[in-house]
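Structure record follows, encoded as structure tokens.
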2 protein chains.
Amino acid sequence: MTGPEIVVDRSSPVPLYFQVAEQFSAAIQRGELAPGDRLDSELQLADRLGLSRPTVRQAIQHLVDKGLIVRRRGVGTQVVRGEVRRSVELTSLHDDLARTGRQPSTSVLELATVACPAQVAAALGVTAGSAVQHLRRLRFADGEPLAVMENWLPPDLVRLTLDGLQSRGLYAILRAAGLRVRGAQQRIGARAATAAEAQMLGERRGAPLLTMTRTAYDDQGRYVEHGVHIYRASRYALEVTVAER
Amino acid sequence: MTGPEIVVDRSSPVPLYFQVAEQFSAAIQRGELAPGDRLDSELQLADRLGLSRPTVRQAIQHLVDKGLIVRRRGVGTQVVRGEVRRSVELTSLHDDLARTGRQPSTSVLELATVACPAQVAAALGVTAGSAVQHLRRLRFADGEPLAVMENWLPPDLVRLTLDGLQSRGLYAILRAAGLRVRGAQQRIGARAATAAEAQMLGERRGAPLLTMTRTAYDDQGRYVEHGVHIYRASRYALEVTVAER
DNA sequence: ACCTGCCAGATGTCAGGACAACACATTGAC
DNA sequence: GTCAATGTGTTGTCCTGACATCTGGCAGGT
């Protein structure tokens, strides 16, 4: 029970705990650490890696939060049984598709500054009727229509361009503008397609659609984006992993 | 900027960091700490509460994970703007409804030990055809049908009774049996109702349904439950909050 | 054979200190 | 007036050390 070979580079700017977490994560994905396997104890790991116990603990906590491993007091730490699936976390649809090998593309239907609707104003924390950027996109995967997305953003946060939206996706633009999205509240539901939606998405009227409304905040606690997304239920599902502390 | 009054009880078995986190959380929910407000610095808090900085940090981290507050290096800690919504986390539908003031009830359609279907076997990590407990329930909220849930559990983990399922809910039974559910992988989608489903749920055939398949694991990393849930989209939606570390 | 108490080993909690990295405001030079 | 350098305060990371609490196995007595 010595576990995978893990080396830390103290000259790297990457935090030590993160280096350790990444290498354990990789070992689990590679199957080197099989489901049910026990990890070395925190003290053993600290000794072997030349790190302190708090640092090792921080690394392990990171993996627990990701749902990869489980801790039991008095017993030890084990790899979660069953295959590992990665959740969407805070990635955009663009990144999500690219990761699963599908070709994303986007058609921007609308991009303008408008008066903020009351419902959006409440979510974004601005006064109704104030100016906000409004955005409506039809998203494709491998050339097939997949989703209609409508987004509202406060003005002056970032300058959206048609070009950038088509090639990079909204979240990449936000990141490039120095905005760090830290979290979001999401509401996921379903409803039947209207005639207009059905035509855009290539479904029949009344076809089931997966809906998600999301309000995302950045590292200043500001709400930076409110989105209403509609996915073809026949082509898309959301994956979420939940882990308690 | 002294913040809410927070007192810690060192004689309590509740961890200090948890006491602090709970009281901050309560102050935010009460509105005593308004969105955008800054918290005292970690050092000030540690000094005021008579705690060490790591303990205060742990408390704050807990709130960041819950999506209540946001930290910025070099600047400080702020309450997230916008109203706070709590996510479902790992609660059962039973608890979820009770919390929002709706009366849950359950009709158990099936409760038996069966040979494990191949698809479920893969999720639970058992061999196909082996004995598993199978469970099918129709759930109501305030007397109206809301969802059909089908669950599979490994045998010998817990003894399910009709009585317990109707009065307490599955997750309460698991907890009472000493099983500590720590995390789950969920897949959320939508599809149209079949004729049989529509009749059970009081919807029309083809009506949109919200679907969720969930595989939950306990603190030993064992998969303890696999569920396929079907909700009336007209009456139910899932809420999820995501927060990055 | 069974039960009880003890013990080793593991994670959980907490303290106190140190330095690094970063953001922002202020000050100073040009 | 503008811009760069500096200083202050904050969170991020990492260390050492200690004790608490829980689990599971073992030894011993019944």
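Rounded to whole Å, atom P of C:dT11 lies 16 Å from atom CD of B:Gln58. To the nearest angstrom, P of C:dG12 lies 8 Å from CD of A:Gln61. Rounding to whole angstrom units, CZ of residue B:Arg73 and P of D:dT11 are separated by 12 Å. One interatomic measurement links the two molecules: CG of A:Leu43 to P of C:dG12, which rounds to 12 Å at whole-angstrom precision. If you measure from atom CZ of A:Arg10 to atom P of C:dC19, you get 15 Å, rounded to the nearest angstrom. Here D:dC15 presents its P atom at 13 Å from CG of A:Asp47, a figure rounded to the nearest Å. The interatomic distance linking B:Asp218 (CG) with D:dT23 (P) rounds to 13 Å, in whole Å. If you measure from atom CD of B:Gln19 to atom P of C:dG12, you get 19 Å, rounded to the nearest angstrom.
Contact annotation: A:Tyr17 does not reach the phosphate of D:dC14 (side-chain N/O to OP1 or OP2, under 4.0 Å). OP1 or OP2 of C:dA15 has at least one side-chain nitrogen or oxygen of B:Thr55 nearer than 4.0 Å. Close to C:dT11, at under 4.0 Å from its OP1 or OP2, lies a side-chain N or O of A:Thr77. Using a 4.0 Å cut-off, some side-chain N or O of B:Arg71 falls inside it from OP1 or OP2 of D:dG12.
B:Tyr17 OH to B:Leu63 CG: the interatomic distance, rounded to the nearest 0.5 Å, is 11.0 Å. Interatomic distance, CD of A:Glu110 versus CZ of A:Arg137, reported as 12.5 Å (0.5 Å rounding).
Using a 4.0 Å heavy-atom cutoff across all strands shown, B:Pro15 reaches sugar-phosphate atoms only and no base atom. Within 4.0 Å (heavy atoms only), B:Arg72 reaches sugar-phosphate atoms of the nucleic acid but no base atom. As judged by a 4.0 angstrom heavy-atom cut-off over every strand, A:Ser52 is placed among the base-contacting residues.
Side-chain contact annotation: A:Glu150 with A:His134, donor-acceptor N/O pair under 3.5 Å present.
In this structure, A:Arg180 and B:Phe18 both approach DNA chain C, and ranking their closest nucleotides by distance from the 5' end singles out B:Phe18. Annotation: of the two residues near DNA chain C, A:Arg57 and A:Pro54, the 5′-most nearest-nucleotide partner is A:Arg57. In this structure, B:Arg53 and A:Val75 both approach DNA chain D, and ranking their closest nucleotides by distance from the 5' end singles out B:Arg53. Nearest-nucleotide positions on DNA chain D place A:Val56 closer to the 5' end than the other of A:Val56 and A:Gly74.
Taking the side chain of B:Leu16 as heavy atoms from C-beta on, and the options D:dC15, D:dT10, C:dA15, the nearest nucleotide is C:dA15.
Taking each heavy atom of B:Val7 and B:Gln19 in turn, the nearest pair found is O-OE1, 4.3 Å.
Side-chain atoms of B:Ser167 come within 3.5 Å of backbone atoms of B:Asp163 as a donor-acceptor pair (strictly under, hydrogens ignored).
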